Structures are given as C-alpha cells and as structure tokens.
There are 2 protein chains.
Amino acid sequence: MSPRSVRTVAREKPDIRTVASLARVSIATVSRTINGSSAVSDKLSKRVWQAIEQLNYFPNTHARSLVSGRSRIVGIIVEDITNPFFPELIASFEEFAVAQGYEVLVSTGKIENAAQIERIVRRMLERKVEGVAVLTFGSEESVLDQLAMHGIPMVLAEFQVDNPQVRTLAIDYATGIREAVEHLVALGHRKIGYLAGPHTLHSAGTRLHCFQDSTAACGLKIGPDWIVEADHTLNGGVRGMQQLLRLKNRPTAVVCSNDMTAIGVLHAAHQAKLSVPEELSVVGLDDIAFTQYTLPPLTTIGLSRHALGRAAFEALYQQAEPNESSASKPNYIVSTKLVLRESTAPPPAGR
Amino acid sequence: MSPRSVRTVAREKPDIRTVASLARVSIATVSRTINGSSAVSDKLSKRVWQAIEQLNYFPNTHARSLVSGRSRIVGIIVEDITNPFFPELIASFEEFAVAQGYEVLVSTGKIENAAQIERIVRRMLERKVEGVAVLTFGSEESVLDQLAMHGIPMVLAEFQVDNPQVRTLAIDYATGIREAVEHLVALGHRKIGYLAGPHTLHSAGTRLHCFQDSTAACGLKIGPDWIVEADHTLNGGVRGMQQLLRLKNRPTAVVCSNDMTAIGVLHAAHQAKLSVPEELSVVGLDDIAFTQYTLPPLTTIGLSRHALGRAAFEALYQQAEPNESSASKPNYIVSTKLVLRESTAPPPAGR
DNA sequence: GAAACTGCTGGAAACGGTTACGATTGCCGG
DNA sequence: CCGGCAATCGTAACCGTTTCCAGCAGTTTC
C-alpha cells in the first residue's frame, strides 16, 4: 500500500533450516561448518558458506546461547562515569571484547545500598554473563561475593581476593609514582604532600603506599597532615588543597591520587592566588586527555586505559574460553610512567 | 573436598518446571503469573510467587526472547567517548532503560569505513535490539539506512529523516544560544566569532544557524572569517582559536559549538598571552563538569544530558512497547539555557 | 434442565539453534 | 572379496520459555 512498506519489507529472516535446504545438507552440517565444531567436507562446506552468503544469514544469538549455555556476554562495572578515565577504559574493554565476538554489558552509576547491588547482580545473572570486570570503588565487596557465589569469573584491579574465580590485574603504580617523587626531589622539593583517594578504594590504598615508600626511599620526612584523603573528584581536589593551604607549614609540591583531584588542586591554587608551578608543584595520575589543556598543562603519571582494558578482557576471556590452551594464570601487569609537562618546577627560593 | 567448592556450589539453577512443581501448578500458569499475560486465580498466584521466592528463581532471558521475539535490548551509538558529554548521556540513557527492564548495548568508537558500519549493524542485528539511539557525528547515514532496512526503530538528535521508523529529538538550541549572544551584546561586544562543529554533524549545523539568527536579530554583522569550523575536540578548539588570532580584525568574543572546543580556546588564548575574560570573552555549550574548574570557569550554554538520555530512551520505548497507549508521536524537546560563570566580560576599551 | 458463556487451567507445540548418537560411506589390509 | 575403521553426515533430543488450544468447572440464559 504505502510506499514505506516497501522499504521495510525485508524478506523473512533466514533460518538455519533455510540455509540447510538451500545448500542441500542437514541443519547439523550447517551448524558444524559455522562453528567448526567438527569436520565437514570441503564440498559441503563450500555449499553451506555460499548459501549463507546468498541469504545473508546469521545465527540467532538467543537460540544459540539457550542451548549452548554460553551467552558471549561479559559485564563491566564502574562507578564514576564522570571521570574520563573510565569511559576510555570501557571503550578499550569493549573494543577487545567485540573483536572476540563478545558483547559487553555496562553498569555505571554509584552503588551505595543493598538494593542497587541486588539490581546489578540480577542484571548480570539474567543475561548470563560469562565474566565480569569490576573496576570500581571499594564499596562493592558484596557484589563480588554474590557474583562469586554464582560461579561467575571476575577480574578486578589491584585487589587480591582469596577466591579462585577472581583474577587480579596487577598495576605497577610503584614505578610511575617513584619517578614522580624522584622528579620532585631532583627539582629540590623536600616537602611533598599527597591527596589520596577514598580509603574504601583499594587501588587508592596501594597508590598511597607507593608514595610513602618512594618518599621514604628518598629520605624524605612526610608530615602527617600533608596526606589528606580526597575522593578522586574535581571538587574533592579543591577541598583537599584548601585543607593543605590552611597548614602553617605546608608542602611545596603535591602529588594526587588521580588527575581529577589534580585539576581540582589547580583550581584551588588559582583561587588562593598561588601560581603553579612557581609557588606550588602538582602532579596527577592517569594522564587523561584534559591534562594537556589545563593551565598549566599537568605533569602526571600515565596509566594506559587501553592496556588496562585489554588486560581486563583477556583475563576474563581466558577463563571463559575452555579451549584456550593456557592453564597458566598470568599476572597481567599494566605499567605506569611519568609524563612531564608544566605543572612542576623548583620550589620557591625560601623553600 | 576443598573448602572452596562449598562457596561456589550454588545448587542447580531453578527451572520454570521446578517452580511449577513446587507450586503444584503447570508451567503455563507460572509463566502467566510472572508476565500477567492472562488471569490467574489468587490462590495459585500466591503459591507461584511463594515458590519463586523460595527458589530464588528468575526466568532465562535467552529462552524468553527466543520464543517471544523480544530481546529487551536497546542500542546506543556514540562516536566520541572522549567528550564527557557522551558518557553522561549514556549513563542517563542506561538508567532509564534499566528501570524499564531493558539492557543497553553500547557502541563507541569512531565509525569511518564501511567495514565498521557493517560491524555495528551486525552487532545490533545479532542481539536483536528493539531500537537504537544514534547520537553521533553525521557520517553514519549508512548505518541509519541499514538499520531502517531491517525495520529497527531509531531515534536521533536534531536530524530529520523521512523514514517513519525514525524519531527525532528536538533540542532547543535557539533559546540558549540567543541568551548567550544577547548576554555578550549586553556586555558591549559587537564582534563575535563562532567556532563551529564539524559540518558532517547535523546538530552542529543547527547550532550554527541559531548563532547566525541570533546575531542577525541583534543587528550584528559577523565577518565571514569569524566563523571557523572546528571538530568538537580540545585540540580542534586550540587550532580554531589560533586561526582566529591570525586575523587582523578579530572578534572580541567567541562562542563555541561545544565545551571541548571552548576549553581548547582557553588554552590557545593563554598560550597567546591573551587573558580571558579581560581581552577575550568565550562561551561554551553543553555545561560539562569540567567547565566549573577551568581557568577561568567557563560561561556556557547548559544542555541536560539527563533530559536528553531520558528523551532518547522514552522515544524508543514508545515504539517498542506495543501496549503503550500512545499513538501520539510527541516531539520531545530538550531545552538549553545560559549559565554564567567567569569567562565573559566587557570587551577591552579600544573595542 | 439443557445450552451457551465465562474464567482458569494444563498439555503440547513452537522458537532456532547445538550436539549425542547412529548410520553411511570409502578405503585399507588381509 | 570381506571385515574393520575413520571420516563424514543426518536424525532427533534438548535448551527454557511463551502461547495456542482444548478441557473443565461454575454461571447465566432460555
């Protein structure tokens, strides 16, 4: 009738049966040639592929995962979509997942109460994910427990857990952070402050330890009020810096647990008429894109979200794919390194 | 044997059959009470819910969508995950989708050649999405065509298309942009530049038109080289501003097609020792979180990603849910408004 | 008091694949 | 020429739901 019906007519979606009959073989053979699950003669295989091509056929994912029990879906849980680090991490994770024919189910949004946890676990379970990457704050241990209870493989960053279903991605914060404090020390700084991440976040803890180790190794004495806990947000950085500014004896440099914090610090310093880097040096961590465009451009410890996303997916993939010939359980290591820009300089003359 | 086996034992996942036999009813009845697809007596209904509760049962999504033909998955396609606007948009979209029991399939990543388009369409088709929100650059028309050809409902921002399967979200850029130029004019500016988005992006086109209409309405004459095309990235903003700076007669204010561009402008101005806002006023568009923390904080035209994400999902939902009693095809409107911060001021004395 | 409805309920047939199992074929050595 | 074995293929069972259809009470209507 209407012309539009022509455009959307799209002849019936082809069956596996359609393919089989066009190729004059059984549906079992079609399935086998598609999945390579068992040998098919060249002659038939050719006919089948030809029919598939001709019909523009592709298998119905739902039927497939219903019978095989494998969904080819992996989940990823992050909390702070506002920090550009995470979108890029998700994008990378997705890239590798899609390349292997997996789809990814993303859960963003803070998770604060039992109902939300329940909801996330439910989503993952309903769609029968084959694994979940948990890259979040630390408040989610109960998510881990529930997922583990259902036997779902997981991977998490920088947080050892005794469950064999859980793999840990080792991130070498130590190197980058050491480079950063050595850099500051070389510039002449002796009083270095630290804006930590939330104590609930495990990776924030290891970052802090790396900082403490590095300063100790350099023979620095770090005043206890030079270390203040922020929350990895812009505003947290502002407040943290304001707290440092109230000190009578304050640091001449401050390293931050992430870039968002550092950008907040820049803002707070400017408000207080403190010029960076002349009167205060600051270094961030993550190397998000914005750090190149702050005033001044931020010296920061680079951490590749691309590498992290890849490692996260691969760790999952290995557990999901039974045929993957590696009984090994490699310790994925993601490295970090200092990238110098313009937010660091020697401390002001009077120390 | 090992203690761990206890933790992951997780008795067999309950069937619909398990529920049925525990409740002493047929599986048809269980299905009906769950879906409310047809009346079930109170007595049986109660027994069924009780059994569900007791077994901690939930339906197998794959089986469900195999037979029903409905996947309860919607897709969303964005290109620039690096612009914080989009992650927040995705998060909002996801929030509303999940609230309605939908799952969302995200496709990020630039789409530049036919193979990538093919890949995206394939992903959406394989998982049988019930609709797709396309919020991207303009280069993807062939994605639209292919999706439309398969009869998949779509929603896109600010881009009219003649296909009835496609709904358009109207975004009221006019108001916010008018407020912005009126604001600048009130401050005394008469020479206003514009850093446009890529011409391939339709919404960038309408933004530009709004700017031109507003300046015309104010009786301003805009020099042709005051309008330069950027690409909505940080670096694009830098380059665009540098181009404006090369002009002998350059604008005293510049409005940008988005915040990323504006932040780039701030950076370029600083490099050129131009102080904002004293020597140059700049206004962005989007109101991403970072604009509060730039130096100076950016005056920008706010556009709620929350509202946009909601509108996008609802437009899709309406097309997907047959029972939704609205034959109406509402024009979703998302509004914009100017938010004043510190990047605008009267032009320097000598005009 | 039978016929015609109404409202619930259960049996069984799909949905579109994968895969266990058996059947068929071809090739080989004896 | 025959038995045996490996390679290949087809038949049918199954995955966990939804839903059509028929059955069966309990009412209502003549």
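None of the values given here were measured: they were computed from a predicted structure. Lettering of chains follows the sequences in order, A, B, ..., and the numbering in each one begins at 1.
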Exercise for the section: Answer yes or no: does atom CG of A/Asn113 have more than 12 heavy-atom neighbours from other residues, nucleotides or ligands under 6.0 Å? Expected result: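 Count over threshold, so yes.
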
Fill in the blank from the handout: Counting primed atoms, P, OP1 and OP2 as sugar-phosphate and everything else as base, the B/S/- map of nucleotides 10-19 of chain D against protein heavy atoms under 4.0 Å is BB---BBBBB

Problem - Sub-6.0 Å ring centroid separation between A/Phe313 and A/Tyr102 - result: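 That pair passes the under 6.0 Å test.
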
Handout entry: Rounded distance [0.5 Å steps], CE in A/Met154 versus CD in A/Gln319
Key =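 Those atoms lie 9.0 Å apart.
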
Exercise for the section: For the residue pair A/His62 and B/His62, categorise the inter-ring angle as parallel (less than 30°), tilted (30 to 60°) or perpendicular (more than 60°). Expected result: tilted

Problem - SB check A/Glu103 A/Arg127 (cutoff 4.0 Å) - result: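 No.
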
